[in-house]
Amino acid sequence: MTPERRLPCRCRRLLLLAAVIACSVPAGGAAASAVETLGIRHGKLKHNSTTRQHGGGVARSRLASCNMFQGSWVYDESLPMYDTAGCPFVEPEFDCQKYGRPDKQYLKYRWRPASCELPRFNGVDFLSKWRGKKILFVGDSISLNQWESLACMLHAAAPASRTTYTRSTPLSTVTFQDYGLSVAYYRSTYLVDIVEESVGRVLKLDSISGDAWLGSDMLIFNTWHWWTHTGRDQPWDYVQDGGQVMKDMDRITAFSKGMSTWARWVDSNVDTSKTRVYFQGISPTHYNGAEWGEGSRSCAQQTQPVAGSAYPSGPVPAQSAVRGALAGMSKPVFLLDITLLSQLRRDGHPSTYSGAHPGNDCSHWCLAGVPDAWNQILYASLF
């Protein structure tokens, strides 16, 4: 029996809600509990056998009951959806073509779920449906990756739309003025607080100062990579768990506690009848070729995805902490479970073709590239 089946009924439903994106509650719609969103009200969409991946209109082929995160990557000559040379929002560290990556095949892969077809991303439709709204990504540089991807996808779809662009810390924003839509990124590497105290910098596992995140119509959260940083790359000196301050602790345990704090913060502070909330999921790295059967190789010089629909080394341990936090929530939060589909893309990283990230970068993602698929799934979830 799997751990999910041993959970109480309500928790199993919440876990399923997180694993399979709920597609029936629009932002600003009537409030509904997580169970209601998952249950009877969450009816299946009728299958339209004539709808194609690249056809007009909305691909509604079993989207409501589809697991969008199980599938495989297929070659698609129509990709990419944008050229970074024409997108003013891309960081140098993600612009692999600009910094000399010689191959282009990695730009041509589309994610195809096993049980449905995703609608092709329609940027004008996205801009129109979210006219006058605010979308905010909150997290580390993986959130930055996805934010810049979405901004480029929308810019390519409506190149004549006037935009304003502000890049600063912690908040950066692209506003599509003709639609009144702002798409912003707020840098918060841990989501929970780091506070300067007399002993030094303290990572507080039970504290979140998130007032700046409120007031958005869509929130997409992310955290994970910084939880594993040590030494000079670690931006804190002590970690506090309740009343106990210590020099260090098991990082998965710390992450799990931080995720639980975030979940309580959302439950207490976010009105999900007005704000649609996502957690991005765990973005994998590809530094160790043994994970996919290639010994000491890394992401460098990789030009193709891992074949098939399963990753040899299995799930990332932090995934269970994410699912556990979501399962205990009283409000609907939707999991963009990007881990498996991203694990298969060993070829999607900047490696040495990064203008602002020294060494071999197997953590972030080239743009155009893998984060575009994350945003296609985000788009599909809105129907």
Side-chain angles (χ1 to χ4, degrees), residues 21 26-28 80-84 86-95 119-189 191 210-223 270 272 274-281 283 333-334 336 338 364-383:
I21 287 184
M81 286 180 275
Y82 57 90
D83 183 349
T84 51
C87 181
F89 317 124
V90 177
E91 294 288 296
E93 63 187 302
F94 307 145
D95 198 345
R120 185 168 179 83
F121 184 85
N122 185 326
V124 172
D125 179 64
F126 191 109
L127 288 163
S128 298
K129 281 185 167 60
W130 287 81
R131 184 185 297 271
K133 303 292 187 181
K134 296 180 180 179
I135 297 173
L136 181 63
F137 291 86
V138 181
D140 58 26
S141 53
I142 303 299
S143 289
L144 175 68
N145 233 172
Q146 188 177 2
W147 169 64
E148 292 185 0
S149 164
L150 181 59
C152 288
M153 292 165 76
L154 295 174
H155 182 264
S161 176
R162 296 169 298 162
T163 60
T164 57
Y165 175 43
T166 58
R167 187 77 173 89
S168 60
T169 301
L171 182 66
S172 300
T173 306
V174 176
T175 301
F176 294 86
Q177 293 178 308
D178 295 340
Y179 295 89
L181 170 64
S182 70
V183 184
Y185 162 66
Y186 191 100
R187 181 172 175 81
S188 178
T189 52
L191 300 182
D211 288 351
W213 311 338
L214 300 175
S216 297
D217 300 284
M218 184 192 298
L219 287 167
I220 305 104
F221 291 96
N222 153 260
T223 184
V270 181
T272 52
K274 298 178 180 178
T275 301
R276 193 177 183 96
V277 182
Y278 293 85
F279 190 83
Q280 185 197 61
S283 176
V333 173
F334 311 115
L336 286 173
I338 63 170
H364 301 101
W365 303 93
C366 294
L367 295 179
V370 174
D372 303 339
W374 305 346
N375 284 319
Q376 186 183 7
I377 294 172
L378 176 69
Y379 174 68
S381 77
L382 300 177
F383 296 111

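We count residues from 1, following the sequence as given. Scope of the values below: all heavy atoms of this structure, side chains included, with no hydrogens, waters or symmetry mates. The shown structure was predicted, so the numbers you read here are calculated from the model rather than taken from an experiment.
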Study note, to complete from the structure: Rounded to the nearest 0.5 angstrom, the CD-OG distance for Q376 and S149 is 10.5 Å
Review point. Does D178 come within less than 4.0 Å of R162, counting only side-chain N to carboxylate O?
Key: yes
Revision key, fill the gap. Ring pair (Phe, Tyr, Trp, His ring centres under 6.0 Å) filter on F89, not counting sequence neighbours, yields H155, Y165
Practice item. List in chain and number order the residues that pass side chain to side chain donor-acceptor pair (under 3.5 Å) with R167, two or more places apart in sequence or in another chain; answer none if no residue qualifies. Key: E91, S172
Review point. Under 3.5 Å, side chain of S161 to main-chain N/O of A158, donor-acceptor pair present?
Key: no
Point to revise | Set of side chain to side chain donor-acceptor pair (under 3.5 Å) partners for E93, sequence neighbours left out | key: none
Point to revise | ring pair (Phe, Tyr, Trp, His ring centres under 6.0 Å) involving F221 - partner list, sequence neighbours excluded | key: W213, W262
Check your understanding: Quick one: side chain to side chain donor-acceptor pair (under 3.5 Å) partners of S182, sequence neighbours excluded?
Key -> none
Review point. Does some side-chain heavy atom of T164 sit less than 4.5 Å from a side-chain heavy atom of T166?
Key: no
**Study point:** Check: T275 main-chain N/O paired with D217 side-chain donor or acceptor under 3.5 Å
**Key:** no
Review point. Hey, do the aromatic rings of Y379 and F121 have their centres closer than 6.0 Å?
Key: yes
Per-pair distances, 0.1 Å, donor-acceptor, side chain in residues 138-146, under 3.5 Å, sequence neighbours excluded:
| residue | atom | partner | partner atom | Å |
| --- | --- | --- | --- | --- |
| D140 | OD1 | I142 | N | 2.9 |
| S141 | OG | H364 | NE2 | 2.6 |
| S143 | OG | N222 | OD1 | 3.4 |
| N145 | OD1 | W365 | N | 2.8 |
| N145 | ND2 | W365 | O | 3.2 |
| Q146 | OE1 | Q280 | NE2 | 2.9 |
| Q146 | NE2 | N375 | OD1 | 3.1 |

Practice item. Keeping the roles fixed (side chain from T163, backbone from F176), state whether a donor-acceptor pair exists under 3.5 Å. Key: no
Point to revise | Minimum side-chain heavy-atom gap M81-D372 below 4.5 Å | key: yes
Point to revise | Non-hydrogen side-chain atoms of W130 and L382 separated by less than 4.5 Å | key: yes
Review point. Any donor and acceptor pair, going by atom type alone, linking the side chain of N122 with main-chain N or O of D125 inside 3.5 Å?
Key: yes
